[in-house]
There are 2 protein chains.
Amino acid sequence: MRLTTKGRYAVTAMLDLAIHARQGPVSLSDISGRQAISLSYLEQLFAKLRRNGLVESIRGPGGGYRLSRQDHEINVAEIVDAVNETIDATRCNQKGDCHDGEKCLTHHLWMDLSDQIHGFLSGISLNHLVDRRETLEISRRQGRKGERISALAEED
Amino acid sequence: MRLTTKGRYAVTAMLDLAIHARQGPVSLSDISGRQAISLSYLEQLFAKLRRNGLVESIRGPGGGYRLSRQDHEINVAEIVDAVNETIDATRCNQKGDCHDGEKCLTHHLWMDLSDQIHGFLSGISLNHLVDRRETLEISRRQGRKGERISALAEED
DNA sequence: CGTATTACCCAGTAATTCAGTCAACTATTG
DNA sequence: CAATAGTTGACTGAATTACTGGGTAATACG
């Protein structure tokens, strides 16, 4: 489980997609304009998102991308994994050599920790984030500051 | 909140420190040997850990590093932040320009998510990891496979 | 049909980060 | 004083990030 700016770009773009889903397919140049991410970089990211079955593409004028599932069926962990997609063998890759205990234990420990984070992010769907955004926008219109996020990662 | 191999190295090294704390200061070359991390890279990491007040150094023969707090008072988030230590201004750094709503909202959203992850890792102390390790080691000696980690990030 | 629009694909590239090396220095112990 | 061990800084190759540009393929529309 890696967590870099690349993952953030992907989540941001997917969120933009979810928000503008009602007006039909969303073109990458729209996202590029709104989110200030370069078009070609978006192309790279969406190629991976598409290969991982998170989005579908519609070609031609008026085309673009749309979510291939409902926004509550797509979680943050999937998005991050899709764009990273290196299965991080972590120097001792299960099978061999690392049997002198000490190393393998701390290594195994990190894997557990990584699993925990993964599980945590799996509990946060795009839908959660969209809802959160609407709350924020309303409070912005009313001139208040957004309250602290409450049940972002609640159980299903 | 970034999560890369750099952070994992730091956590692993700190864990090693916590485990061998009873035998006095631990030298970097010991950690280097046990955890297979290059000595000079450890020096870089520990310089940051020291500047952030997570470890203390003892010079001279028999010297090395020790935790500057109890292992249950140091959490994983601190360690990761210490070695990353770029406060990631995220292109729109609070104050300015990003007032056209759209951008700032999704940006703010990511910050929230990042906070959530941070809070999660804050709940996991070095002590948790040491305990977990001991459990693992016992089950290893007994030839069983380690059970799934149970209450890794429980409340205090 | 032709053209504009959009996805798709590939090659390259500047900037940054990662992971590690090397060398010189300072403080401490014995 | 000599040996040990931390401290600092400059530097490097490799990988990754973020981005540019050029070209192709599909589709809608006049």
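Just so it is clear: chains get the letters A, B, ... in the order the sequence lines come, proteins before strands, and each one is counted from 1. Keep in mind it's a predicted model, so treat the numbers as computed, not measured.
- Ring geometry for Phe120(B) versus Phe120(A): interplanar angle under 30°, hence parallel rather than tilted (30 to 60°).
- Hydrophobic clustering of Ile, Leu, Val, Met, Phe, Trp and Tyr side chains at less than 4.5 Å, counting indirect connections, unites Leu67(B) with Leu28(B).
- As a whole-Å value, the separation of Leu39(A) CG from dT6(C) P is 11 Å.
- Going from atom NZ of Lys6(B) over to atom C1' of dA15(D) covers 14 Å, rounded to whole Å.
- In the set dA19(C), dA4(C), dT17(D), the nucleotide with an atom closest to the side chain of Arg2(A) is dT17(D).
- The closest side-chain donor-acceptor pair between Ser27(B) and Ser29(B) falls under 3.5 angstrom.
- The side chain of Thr4(B) contributes an N or O atom lying less than 4.0 Å from OP1 or OP2 of dC18(C).
- Under 4.0 angstrom from either OP1 or OP2 of dT7(D) there lies at least one side-chain N or O belonging to Arg50(B).
- Taking the side chain of Ser40(B) as heavy atoms from C-beta on, and the options dA7(C), dT5(C), dC22(C), the nearest nucleotide is dC22(C).
- Side-chain proximity of Tyr9(A) to the nucleotides dA7(C), dG6(D), dC19(D) is greatest for dC19(D).
- Between Ser29(B) and Ser38(A), it is Ser29(B) whose nearest contact on DNA chain D lies nearer the 5' terminus.
- Between dC8(C) and Ser57(A), a contact under 4.0 Å exists linking OP1 or OP2 to a side-chain N or O.
- Backbone-only engagement by Val26(A) is indicated by non-hydrogen atom pairs under 4.0 Å involving sugar-phosphate atoms exclusively.
- Both Gly60(B) and Val83(B) lie close to DNA chain C; mapped to their nearest nucleotides by heavy-atom distance, the more 5′-ward contact belongs to Val83(B).
- Rounded to whole Å, the distance from CG on Leu49(A) to P on dC8(C) is 11 Å.
- When the P atom of dT26(C) is taken as reference, atom CD of Glu43(B) falls 16 Å away, rounded to whole Å.
- Rounded to whole Å, the distance from CD1 on Ile58(A) to C1' on dT6(C) is 11 Å.
- When heavy atoms are screened at a 4.0 angstrom cut-off, Leu28(A) is found touching the sugar-phosphate backbone but no base atom.
- If you take CZ of Phe46(B) and C1' of dT8(D), they are 17 Å apart, rounded to a whole angstrom.
- Among His118(A), Arg2(A), Lys48(A), the single residue meeting the side-chain hydrogen bond (donor to acceptor under 3.5 Å, both in side chains) criterion with Asp81(A) is His118(A).
- Between Arg69(A) and Glu78(A), at least one side-chain N (NZ, or NE/NH1/NH2) sits under 4.0 Å from a carboxylate O, which counts as a salt bridge.
- Rounded to an integer number of Å, the gap from Arg59(B) CZ to dG6(D) C1' is 5 Å.
- Straight-line distance from the OH atom of Tyr41(B) to the P atom of dA15(D): 15 Å, rounded to whole Å.
- Distances from the side chain of Gln44(B) to the nucleotides dA7(C), dC9(C), dT21(C) place dT21(C) closest.
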